[in-house]
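Structure first, then comments.
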Amino acid sequence: MALQVYNTLHRRKELFTPQHEGFVGIYVCGPTVYGHSHLGHAKSYVSFDVIVRFLRSLGYRVLYVQNITDVGHLTDDADQGEDKLARQARIDRIPPMQLAETYTRSYFEDMDTLNVLRPDIVPRASGHITEQISMVQTLIGKGMAYVANGSVYFDVGSFPAYGKLSGRTVEDLNAGARVEIKEEKKHPADFALWKRADAGHIMRWPSPWGEGFPGWHIECSAMSMKYLGEGFDIHGGGLENQFPHHECEIAQSEGATGKPFVRYWLHNNMVTVNGKKMGKSLGNFITLKDAFAKWDPQVVRFFILQSHYRSTLDFSDEALDGARAGYEKLANTLRNLREKIAIAPDGGEGTGVDLDRRTAEFRNAMDDDFNTPQAIAVLFDVARELNQAFASEKNYGRPSLEAIDRWYALHAGSVLGIMTGDARGAGSSGPLVGPLVELLIAIRSDIRLQKLWALSDKIRDGLARIGIGLEDKKAGTTWKNIS
RNA sequence: GGCGACGUACCCAAGUGGUAAGGGAGAGGUCUGCAAAACCUUUAUGCACCGGUUCGAAUCCGGUCGUCGCCUCCA
C-alpha cells in the first residue's frame, strides 16, 4: 500500500505522489504571534509534525516551511477594527515588533516542549513585504486587482475558480448576511491585498499606493512560493482557514502565476474543551503553558495522536487521565525492556514478537491518511506481546530485545515523536539521585531479607512522596520517576 | 438563511459492504510479605432513531432527532 492523503481540494483520499520524485515541499500556516499558544496550536502543529516525520521516514527529502504572522490583521471585519498585534502591544505598552518577538519565542518554546521539530524555514511576514508588494503589482498588471483609495483589492470576478476549495460560490457569499458591504470594493466578496494605513497605524510600509500594510492572505502566497516554488506539494492548516484564507490564497496565487498553486490541501480539525469550541475570540482557550502545568506535555502529544487529525478533539480531565494511564503503560513496557536488556545474555532465544508484521501494520495505518490512532494501537500490540514474553520469565537474548527497542525508537520515537525521553519517565533528577536511590534500594533489600516490612514500607512510601516509585520484582527492586 | 462534518460500550477512540481494533475505567483471577508493574478472564447479538438496497450494512441510499464547525480574526 502506498500513502493516501485526504485532499480537501477534491474531498477524497488520493494517492500521494510528489511533484519532484523524492522531494516534498510543504507549507503550513503558522501562528499570529500576539499571545501565548493554546491547545489548538498543539493539535495543529503536532499533527503536521507527524506528517512531516512520516514523509521523512518514507525516504522523502522534505522542505517544511511555516510562517510567523507578525503583521497584525484586523480584529473583526476585513475593513473594521484594530490591528490585533497593535492592540495587544498598546495594552502591554511595548512596540509591536517586541510583542511579536516575545510570542514567537513563546511559541517555539511550547512546540519544543511538545517535541515538535522546528520547520526548515520560518519566514516572517514583516520580512517579506517586498515580495508581497511585488505580487500585488503582478495582479494589478493582469487586471485581477484594483486600487481604491490607497488600498488594493482582489477582484474575485476575475478568477472563475474562486470557491473550488471550500465549495462555495460567489452567489453563496452574497446570500450570507455577514459579508460587510464596503463602498470602495466592487464586489462584497473582493478581498484586500494591501490596506491603506490610517494615521494612527503603527505597522506600516511604503508602497506604490502610499503607506500601508499587507492584507491577511497575501503573505502565505508570497512566502510559500518564494521558498517552495510557484506550484508545490502540500499546504496544511486548520479547517477554519479553508475559507476564506486558503480560498483567497489559491485565487491570488494562481491568478498571479497562471499555474496550479498547491497539489494537496490538508486540513486538521479543531479542538474543543468540554464539548465547546475553543477560540481566541471566545476567550475560553487554554494556553499550553497552563496545560503543561496540569498534564505532562508528552501525554498531551500522545493524547492528540490518539485521535485522527481530521477529527475534532475534546479536551477533558477524564480523557487526559485515560491517555496518561495508557502512555504510562507504554513507558513501563519500555523501561522493563531496557532493564532486561541490561542483564540479557548475548545469545539466548528470541521473544517471538513478529516485528515484520507489526511494521507492516504500522506502515499501513500511517499510509492511510496518517491514521495515528491505529498506529498507536500497533504500539500497544507489540507491548502486550512483549509483556507476555516477559511474564514467562525466560532469559531472552540481547539481540532480540534490542531489536524491539530499536523498533520503538523508530516508530514511536522518530515517526510519532513519543516515548523519546528517559525510559524512567518524566521528572528531572540531579546527578546524585540515581546513586542515592540505588543505595537506599540496597539497604532496603537487606531489611526485606530480615522481613522488617514496616521499615521497608517506610522507605518505599517516603521515596514515593518525593517522586520516586519502587517496584519489587523477583529479579530485584527497580525504580522510576513518578508524578 | 447558505455550506459542511459528526453521532460506535461507563470515558477516549479506530473501523466506510463480510459479521465490532486499541487505550482507560470497572469486575474476577495469577504473581507478590504488601504495594506497584505485568499477565489471564470478563465488560456493545450491537454502532443516535426509523425505513430502504443487498445473500450480507456501523459501513450504501432516504428521512428524523441531536451535537459541532464554517460563512467575521482564529490552529
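Within every chain, numbering begins at 1; the chains are lettered A, B, ... in the order of the sequence lines, protein sequences first and strands thereafter.
Only the P atoms considered, B/rA9 is 27 Å distant from B/rG4, to the nearest whole Å. Taking atom P in both B/rG52 and B/rC12, one finds a spacing of 32 Å when rounded to whole Å. The separation of B/rG2 from B/rG63, taken at their P atoms, amounts to 15 Å, rounded to a whole angstrom. Taking atom P on both B/rG62 and B/rA75, the two are 36 Å apart, rounded to the nearest angstrom. B/rU59 and B/rC47 are spaced 9 Å apart, taking the P atom of each and rounding to whole Å. Atom name P, nucleotides B/rU8 and B/rC49: the rounded distance is 10 Å, in whole Å. Straight-line distance between the C1' atoms of B/rA13 and B/rG1: roughly 35 Å, to the nearest whole Å. Taking the P atom of each, B/rC6 and B/rC60 are spaced 9 Å apart, rounded to whole Å.
If you check B/rG22, B/rA25, B/rA75 against the side chain of A/Ala325, the one that comes closest is B/rA25.
The base-pairing partner of B/rG1, taking Watson-Crick or G-U wobble contacts with both distances under 3.5 Å, is B/rC71. Base pairing analysis places B/rU19 opposite nothing; no Watson-Crick or G-U wobble pair with both distances below 3.5 Å involves it. With a 3.5 Å ceiling on both atom-pair distances, the Watson-Crick or G-U wobble partner of B/rC60 is B/rG52. The partner of B/rU41 is B/rA27, by the rule that a Watson-Crick or G-U pair needs both atom distances under 3.5 Å. Pair check for B/rG33 finds none; no Watson-Crick or G-U wobble contact set falls under 3.5 Å.
Straight-line distance from the CZ atom of A/Phe303 to the P atom of B/rG23: 17 Å, rounded to whole Å. Atom pair A/Glu318:CD and B/rG26:P shows a separation of 11 Å (rounding to whole Å applied). Nucleotide B/rG7 holds its C1' atom 17 Å from the CZ atom of A/Arg310, rounded to whole Å. Following rounding to the nearest Å, A/Asp368 (CG) and B/rG15 (P) show an atom-to-atom distance of 7 Å. If you take CG of A/Leu379 and P of B/rG23, they are 11 Å apart, rounded to a whole angstrom. The interatomic distance linking A/Gln306 (CD) with B/rG24 (P) rounds to 9 Å, in whole Å. Here B/rA13 presents its C1' atom at 17 Å from OH of A/Tyr309, a figure rounded to the nearest Å. Computed from coordinates, the A/Ile68 CD1 to B/rA75 C1' distance equals 12 Å when rounded to whole Å.
Of the possible polar contacts, none joining the A/His10 side chain to the A/Arg12 backbone as a donor-acceptor pair under 3.5 Å is found. The backbone N or O of A/Ala377 lies less than 3.5 Å from no partner atom in the side chain of A/Glu361, so there is not a single donor-acceptor pair.
The residue among A/Gly322 and A/Gln374 whose nearest nucleotide of RNA chain B lies closer to the 5′ end is A/Gln374. Residues A/Phe48 and A/Val378 each lie close to RNA chain B; by heavy-atom proximity, the contact nearer the 5' end of the strand is made by A/Val378.
A tilted orientation is assigned to the rings of A/His38 and A/His41, their planes being inclined by 30° to 60°. The aromatic rings of A/Phe261 and A/Trp265 are tilted relative to each other, their planes meeting at an angle between 30° and 60°. The aromatic rings of A/His217 and A/His245 are tilted relative to each other, their planes meeting at an angle between 30° and 60°. Under the 30°/60° scheme for interplanar angles, the aromatic rings of A/His36 and A/Tyr103 are found to stand perpendicular.
Cation-pi geometry between A/Lys340 and A/Phe390 is met: the NZ or CZ atom falls under 6.0 Å from the ring centre, inside 45° of the normal.
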Handout entry: Annotated protein contacts, base or backbone, on nucleotides 32-41 of chain B with a non-hydrogen cut-off under 4.0 Å, one of B, S, - each
Key = -BBBBSSSS-
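Side-chain atoms of A/Tyr309 and A/Asp369 form a donor-acceptor pair, as typed in the model, at a separation below 3.5 Å.
As judged by a 4.0 angstrom heavy-atom cut-off over every strand, A/Tyr45 is placed among residues touching the sugar-phosphate backbone only. No engagement by A/His245 is indicated, since no non-hydrogen atom pair under 4.0 Å with the nucleic acid exists. Looking at heavy-atom distances under 4.0 Å, A/Gly40 makes contact with a base.
Separation of atoms CG (A/Leu386) and OH (A/Tyr396) is listed at 8.5 Å; rounding is to 0.5 Å.
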